[in-house]
Amino acid sequence: MRKNHTKRERLKRKSDINRVFHEGKAVSCTGVRLRFVPNNLQYNRVVFIPVKKFGNAVERNLVKRHAREAYRQEKDRFTCGGKDIAVLFYPGKKYDFWERREQLLYLFTKAGIISKKSFAD
RNA sequence: UUAACAGACUGGGUGACCGCCGGCGUAUGAAUGUAUACGCUGGAGGAAAGUCCGGGCUCCAUAGAACAUGAUGCCGGGUAACUCCCGGGGACGAAAGUCACAGAGAGUGCCGCAGAAAAUUACCGCCCGCAAGGGUAAGGGUGAAAAGGCGAGGUAAGAGCUCACCGCCCAUCUGGUAACAGGUGGGGCAAGGUAAACCUCAUCAGGAGCAAAGCCAAGCAGCAGAUGGGUUGUUCGCCCCUUAUAUCUGCGGGUAGGCUGCUAGAGUGGAUUGGUAACAAUUCACCCAGAUAGAUGGUCACCAUCUACAGAACCCGGCUUACAAGUCUGUUUUUAUG
RNA sequence: UGGCCGAUAGUGUAAUGGUAGCACAGCAGAUUCUGGUUCUGCUUGUGAGGGUUCAAAUCCUUCUCGGCCAG
């Protein structure tokens with residue numbers, strides 16, 4: 001499977017995002033919170049949102065880029081079936097790319113989007 | 001040499017792989033929109049920031065005038081324009097340098113406490129006089145500030161009352177485009193300060209802002225009020241639309257999808273010419289982000305070295321603020337708490 | 001993105017350029033057998049830097065932080 005992450009696989013509409021926030025379930029760890037809700041499509045859609053007080057514009061962009069890169073690399077492990085996912089980042093300790101990647105993998109496993117078997121690999 | 005100050009500049013580089021956004025081309029499906037694949041190509045800054053100024057652009061039907069309000073404030077130049085820049089002058093400072101630097105002799109206001117008195121002053125003083133009263137402002141203390149300064153003459157005591165020097169004002173001459181500088185002559189000195197208090201004078205400004213504005217698609221439900229209404233704080237003038245299926249105001253309902261605006265520009269780089277300079281003109285070459293929940297990231301290698309401040313959102317010119325490390329130029333003196 | 005406001009004790013809120021007040025809270029004392037009420041006293045201050053002025057919370061300016069409006 002090709003490891004890309006295009007516009008189609010992003011969550012863009014305001015109404016869709018509101019649906020995730022109002023109807024979705026949540027899992028969280030330090031500094032990160034993940035919300036998800038099923039959709040009717042064949043693929044997942046995801047959005048990464050640093051909160052308003054997360055540093056300055058450069059730091060907010062960097063977090064989004066790291067998260068998007070981690071999501072892209074690990075995309076093929078995900079279970080099929082559509083889910084809309086929103087990931088929120090809160091200010092606190094600064095993490096590098098690899099720490100962010102571990103964090104996100106942990107959260108996706110906890111939410112049942114990645115099966116535990118594939119995470120063990 | 002070091003330090004300080006001022007100014008200008010750079011703001012990690014090269015290669016490989018995987019990915020993101022735009023443009024062009026080809027192919028396939030599709031049907032006039034676009035989707036997918038491949039190839040080529042472009043992809044954040046000196047401050048993109050703060051939004052403190054100035055303009056372009058768009059709309060307010062079009063173009064005006066006066067007042068109000070606001071801004072600026074030595075002179076000359078530059079510029080599309082400017083709270084900007086360059087050059088010159090003045091004041092202050094030992095110097096490099098710094099300075100919102102018009103007017104207090106048009107008017108109004110304010111100047112706490114202290115002090116006799118904070119604006120048409122007289123407490124203690126000094127002098128004349130028996131006293132009543134008068135003449136004075138040298139000395140005293142207060143305060144941020146107290147009626148030109150210092151010296152000599154003069155006088156009852158004093159006083160620009162007189163004189164020299166300095167300061168101030170007026171007239172005039174010379175140099176300079178001008179601000180201003182210098183010289184000559186005269187006045188005897190106007191009765192403090194504050195304009196970053198109101199104000200006066202001169203100059204300049206219509207308002208709103210790309211969520212402006214226009215088009216397409218989808219969708220919905222109207223109701224109430226005002227009569228003339230229509231760009232702004234007010235008024236005038238001019239003109240435009242319309243006498244109700246009109247215009248304006250308020251409340252409510254619906255949609256928040258796409259396209260244009262959207263990047264070839266007061267553009268960037270080089271050369272020549274003019275100018276002290278800011279800058280301008282001519283010519284040659286180049287095309288250099290255009291996202292729309294918002295594109296630049298990850299891994300590896302080498303060199304350098306621990307890499308700061310920080311992310312375009314209609315576009316430019318400035319100012320201000322943040323900044324690791326490094327380069328260059330100039331200036332300074334009492335060799336230094338600058 | 002564009003436009004517009006504000007910042008005063010721990011909290012809320014005053015102050016013509018001239019000694020920064022008031023209320024609640026806090027602390028100490030008095031009253032009471034003890035606590036409360038009440039009374040007395042004290043402490044805690046102009047968001048940061050620079051300028052104008054004899055003197056700035058106030059005037060000017062540059063930052064910082066917070067808030068509001070516009071689809």
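Every chain is numbered from 1 and lettered A, B, ... according to where its sequence line falls, protein lines coming before strand lines. Keep in mind that what you see is a predicted model, and the values were worked out from it rather than measured.
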Partners meeting side chain to side chain donor-acceptor pair (under 3.5 Å) with Q103(A) (sequence neighbours left out): R100(A)
Table of protein N/O atoms under 3.5 Å from nucleotides 297-299 of chain B N/O atoms:
| unit_1 | atom_1 | unit_2 | atom_2 | d |
| --- | --- | --- | --- | --- |
| rG297(B) | N2 | E69(A) | OE1 | 3.3 |
| rG297(B) | N2 | E69(A) | OE2 | 3.4 |
| rG298(B) | OP1 | H66(A) | NE2 | 3.1 |
| rU299(B) | OP1 | W98(A) | NE1 | 2.9 |

Whole-Å P distance, rC279(B) and rG87(B): 11 Å
Using every non-hydrogen atom in the two residues, find where L104(A) and A67(A) come nearest and quote the distance to one decimal. CD1-CA, 3.9 Å
Nearest-0.5 Å distance, CG of residue L34(A) to CZ of residue F108(A): 5.5 Å
Roughly how many Å apart are rG158(B) and rC128(B), using the C1' atom of each and rounding to a whole number? 13 Å
Following the transitive rule for hydrophobic clusters with a side-chain heavy-atom cut-off under 4.5 Å over Ile, Leu, Val, Met, Phe, Trp and Tyr, establish whether I49(A) and L62(A) coincide in one cluster. no
Suppose you measure atom C1' in rG56(B) against the same atom in rG222(B); what distance do you get, rounded to whole Å? 43 Å
Can you name the side chain to side chain donor-acceptor pair (under 3.5 Å) partners of R101(A), sequence neighbours left out? E74(A)
Working to the nearest 0.5 Å, report the span between OH of Y71(A) and CG of L105(A). 12.5 Å
Across all strands, who's sitting opposite rC210(B) as a Watson-Crick or G-U wobble pair, both distances under 3.5 Å? none
Between N61(A) and V47(A), who's closer to the 5' end of RNA chain B by nearest nucleotide? V47(A)
Can you tell me how far the CD atom of E99(A) sits from the CD atom of E102(A), to the nearest 0.5 Å? 9.5 Å
Partner lookup for rU263(B), please. Criteria are Watson-Crick or G-U wobble with both distances under 3.5 angstrom; report none if nothing qualifies. none
Rounded at 0.5 Å granularity, tell me how far CZ in R45(A) sits from CG in D84(A). 4.5 Å
Distance between the C1' atoms of rA178(B) and rU194(B), in whole angstroms? 31 Å
Which value, in whole Å, describes the distance between the C1' atoms of nucleotides rA122(B) and rA118(B)? 14 Å
Please, what dot-bracket string fits RNA chain C when only Watson-Crick and G-U pairs with both distances under 3.5 Å count, crossing ones use [ ] and pairs to another strand use |? (((((((..((((....[..)))).(((((.......)))))....(((((..]....)))))))))))).
Using atom C1' of each nucleotide, how far apart are rC113(B) and rG90(B) to the nearest Å? 38 Å
Under 4.5 Å side-chain linkage, directly or through intermediates, the cluster mates of F97(A): W98(A)
Between atom CZ in F48(A) and atom P in rG19(B), what is the gap in whole Å? 17 Å
Does K64(A) make a side-chain N or O approach to OP1 or OP2 of rA295(B) shorter than 4.0 Å? yes
